[in-house]
Amino acid sequence: MSRRLLIAGNWKMNLDSRGAAALARSVRHEVVQRKLDRDVLLAPPYPYLETVARVLEGTPIRLAGQDLSRHESGAFTGEVSAGMLIDLGCHGVIVGHSERREHGGDSDDTVRAKLERAIRSGLDAILCVGESESVRESGARESMAFVEGQLKAALANLSEEECAGALTVAYEPVWAIGTGRTASTSDAAAMHAHLRAVVANRYSEQLASRLRILYGGSVNADNAVDILGASEIDGVLVGGASLNMESFGTIYRAGAA
Ligand code: PGA
């Protein structure tokens, strides 16, 4: 089954409103001109969602939040709900990014609740999983077991129908994020194949074969062709290199016919 590639840019806590609008316009120009057979998604900081939504209106580029609250609404100062993201034009949301797990204290249970909230509210979700450096050092099998545990915990209560079409998984080894180090393409592909088998076991072959599994962690203009060329890798979640149109444009075009 061939899965359409997704090129996703996670802007993290960068840019200002002008910079966000300018970058979104550049991405729009590139995507609208080239019309490549791949999807593009941008995840700006919350305050710039509306600005970016306006720039992307009428284009196939999807807008996503970088996180969401596990709660529907109420006295949760500083939090942003799924409904608010949808209201601002988001189609999706990133859930369980390692920076939320590390700095925001998101446990596996919080990630599960956020994923359920996102999908049950009608958002597509990019669920991030990935092992730390110490887990990776303990071996490939240990890393697979660890990431499998994160994936199963997040999917514990979701049905196949809920996941179909709404779930994307991003394998992001923590030690590769923002470090300039990437997993080797063969290691990443092996992890992706393992995660796909976990989903096939938990749900069905059909869901597993349709599920997009992205790779993230120091993806850049130089390594994108190699990463996107692996058949198990269905796209990339790009942090640093998505902030610059030269590198993000190169990644978007990488390996395209
Ligand atoms: P990076 O970030 O590309 O800067 O390593 C990836 C991510 O955190 O999604």
Side-chain angles (χ1 to χ4, degrees), residues 1-12 14 23 26-27 30-31 33-43 61-62 64 94 97-99 126-133 135-137 139-144 146-148 150-151 168-199 208-257:
M1 159 117 207
S2 78
R3 294 170 293 266
R4 198 174 149 95
L5 293 179
L6 171 61
I7 313 298
N10 173 11
W11 293 354
K12 306 193 179 183
N14 291 295
L23 183 55
S26 304
V27 175
E30 173 77 16
V31 171
Q33 292 293 309
R34 304 244 179 206
K35 293 194 181 62
L36 299 180
D37 183 23
R38 37 186 72 180
D39 294 327
V40 176
L41 173 148
L42 298 179
I61 304 167
R62 301 298 201 179
I94 298 170
H97 190 281
S98 63
E99 285 150 18
I126 299 179
L127 169 68
C128 299
V129 292
E131 80 285 0
S132 64
E133 177 134 48
V135 174
R136 175 50 65 173
E137 277 168 0
R141 197 181 301 167
E142 288 74 6
S143 300
M144 286 194 189
F146 179 86
V147 178
E148 173 178 341
Q150 286 183 324
L151 181 63
T168 296
V169 172
Y171 168 55
E172 299 207 301
V174 178
W175 49 269
I177 295 178
T179 59
R181 294 164 59 203
T182 46
S184 71
T185 303
S186 63
D187 280 355
M191 180 67 85
H192 285 215
H194 181 66
L195 296 178
R196 201 176 300 287
V198 170
V199 170
S209 70
R210 291 188 176 160
L211 177 73
R212 279 201 286 213
I213 306 182
L214 315 181
Y215 171 79
S218 296
V219 175
N220 59 39
D222 297 327
N223 59 28
V225 171
D226 191 40
I227 292 168
L228 289 170
S231 65
E232 271 301 327
I233 299 178
D234 308 314
V236 284
L237 181 53
V238 188
S242 73
L243 293 170
N244 169 314
M245 197 53 215
E246 205 173 304
S247 48
F248 193 64
T250 305
I251 294 167
Y252 169 61
R253 295 187 300 272

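Predicted, not measured: the structure shown is a model, and the values here were computed from it.
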*Asks:* I'd like to know if R4 and D37 make a salt bridge, using a cut-off of under 4.0 Å between side-chain N and carboxylate O.
*Replies:*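 Between D37 and R4 there is a salt bridge, with a charged N closer than 4.0 Å to a carboxylate O.
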*Asks:* Would you check if the side chain of N244 reaches a backbone N or O of A241 as a donor-acceptor pair within less than 3.5 Å?
*Replies:*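 Not at all, since once roles are kept as given, no pair shorter than 3.5 Å links the two residues.
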*Asks:* Hey, what do you get for NE2 (H194) to CG (L151), rounding to the nearest 0.5 Å?
*Replies:*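 Separation between the atoms: 9.0 Å.
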*Asks:* Rounded to the nearest 0.5 Å, how far apart are CG of L211 and CD1 of I213?
*Replies:*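 Reported to 0.5 Å precision, the distance equals 5.0 Å.
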*Asks:* Considering residues at least two apart in sequence or located in another chain, which fulfil the side-chain contact (heavy atoms from CB on, under 4.5 Å) criterion with E99?
*Replies:*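 In terms of side-chain contact (heavy atoms from CB on, under 4.5 Å), with neighbours along the sequence ignored, E99 is linked to K12, H97, H103, I177.
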*Asks:* Indicate whether the side chain of E137 and that of W175 have a donor and an acceptor atom separated by less than 3.5 Å.
*Replies:*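 Their side chains do not contain a donor-acceptor pair, so the 3.5 Å distance test is not met.
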*Asks:* Minimum heavy-atom separation for S242 and L23, please, with both atom names.
*Replies:*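 Here S242 and L23 meet closest at O-CD2, 3.5 Å.
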*Asks:* Do you know which two heavy atoms are closest between A188 and I233, and how far apart they sit?
*Replies:*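 The pair with the smallest heavy-atom distance is CB-CD1, 4.0 Å.
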*Asks:* Hey, does L6 have a side-chain heavy atom less than 4.5 Å from the side chain of L41?
*Replies:*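 Yes, their side chains come closer than 4.5 Å.
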*Asks:* What's the separation between atom OG in S186 and atom CG in D226, rounded to the nearest 0.5 Å?
*Replies:*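 Rounded to the nearest 0.5 Å, the OG-CG separation comes out at 9.5 Å.
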*Asks:* Please check if the side chain of T168 supplies one atom and the backbone of I126 the other of a donor-acceptor pair under 3.5 Å.
*Replies:*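 It does not hold such a pair.
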*Asks:* Output all residues satisfying side-chain contact (heavy atoms from CB on, under 4.5 Å) with A140, sequence neighbours left out; order by chain, then residue number.
*Replies:*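 With neighbours one apart ignored, the set is R136.
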*Asks:* If you take all heavy atoms of Y171 and H192, which pair is closest and at what distance?
*Replies:*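 Closest approach of Y171 to H192, heavy atoms only: CB-NE2, 3.6 Å.
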*Asks:* Tell me, please, which residues at least two apart from N223 pass side-chain contact (heavy atoms from CB on, under 4.5 Å).
*Replies:*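 Per chain and number, N223 pairs via side-chain contact (heavy atoms from CB on, under 4.5 Å) with T182, V219, N220, I227.
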*Asks:* Taking only residues two or more places apart in sequence, or in another chain, which ones meet D222 in a side-chain hydrogen bond (donor to acceptor under 3.5 Å, both in side chains)?
*Replies:*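 Checked D222 against side-chain hydrogen bond (donor to acceptor under 3.5 Å, both in side chains); zero matches.
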*Asks:* side-chain contact (heavy atoms from CB on, under 4.5 Å) for M191 and V147? Distances and angles first, verdict last.
*Replies:* CA-CA 9 Å; M191 180 67 85; V147 178; 3.6 Å; yes
*Asks:* Below 4.0 angstrom, N of the basic side chain to O of the carboxylate: do R210 and D234 qualify?
*Replies:*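 Between D234 and R210 there is no salt bridge, as every charged N stays at least 4.0 Å from the carboxylate O atoms.
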*Asks:* Is there a donor-acceptor pair under 3.5 Å between the side chain of S218 and the backbone N or O of G180?
*Replies:*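 Side chain of S218 to backbone of G180: a pair is present.
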*Asks:* If I take atom CG from residue L214 and atom CG from residue L5, how far apart are they, to the nearest 0.5 angstrom?
*Replies:*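 Here the interatomic distance stands at 9.5 Å.
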*Asks:* In Å, rounded to the nearest 0.5 Å, how long is the span from CE of M245 to OG1 of T250?
*Replies:*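 Between atom CE of M245 and atom OG1 of T250 there are 8.5 Å.
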*Asks:* Which pair of heavy atoms, one from R38 and one from Y252, lies closest together, and at what distance?
*Replies:*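 In this case the closest contact between R38 and Y252 is NH1-O, 2.7 Å.
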*Asks:* Quick one, L237 with E172, criterion side-chain contact (heavy atoms from CB on, under 4.5 Å). Give me CA distance, side-chain angles, the key distance, then yes/no.
*Replies:* CA-CA 8 Å; L237 181 53; E172 299 207 301; 3.5 Å; yes
*Asks:* Donor-acceptor pair, distance only, cut-off 3.5 Å: does the side chain of Q150 make one with the backbone of G130?
*Replies:*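 Between the backbone of G130 and the side chain of Q150 there is a qualifying donor-acceptor contact (under 3.5 Å).
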*Asks:* V135 vs S132, test: side-chain contact (heavy atoms from CB on, under 4.5 Å). Steps then yes/no.
*Replies:* CA-CA 5 Å; V135 174; S132 64; 3.4 Å; yes
*Asks:* How would you list, by chain and number, every residue that makes a side-chain hydrogen bond (donor to acceptor under 3.5 Å, both in side chains) with E133, sequence neighbours excluded?
*Replies:*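 Per chain and number, E133 pairs via side-chain hydrogen bond (donor to acceptor under 3.5 Å, both in side chains) with R181.
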*Asks:* For I7 and D39, run side-chain contact (heavy atoms from CB on, under 4.5 Å): C-alpha distance rounded to whole Å, both residues' side-chain angles, the deciding distance at 0.1 Å, then the answer.
*Replies:* CA-CA 6 Å; I7 313 298; D39 294 327; over 6 Å; no
*Asks:* Between Y215 and E232, does any side-chain donor sit less than 3.5 Å from a side-chain acceptor?
*Replies:*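 Their side chains do not contain a donor-acceptor pair, so the 3.5 Å distance test is not met.
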*Asks:* List in chain and number order the residues that pass side-chain hydrogen bond (donor to acceptor under 3.5 Å, both in side chains) with N10, two or more places apart in sequence or in another chain; answer none if no residue qualifies.
*Replies:*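 side-chain hydrogen bond (donor to acceptor under 3.5 Å, both in side chains) check on N10 returns nothing, list empty.
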*Asks:* To the closest 0.5 Å, what do you measure between CZ (R212) and CZ (R196)?
*Replies:*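 Reported to 0.5 Å precision, the distance equals 11.0 Å.
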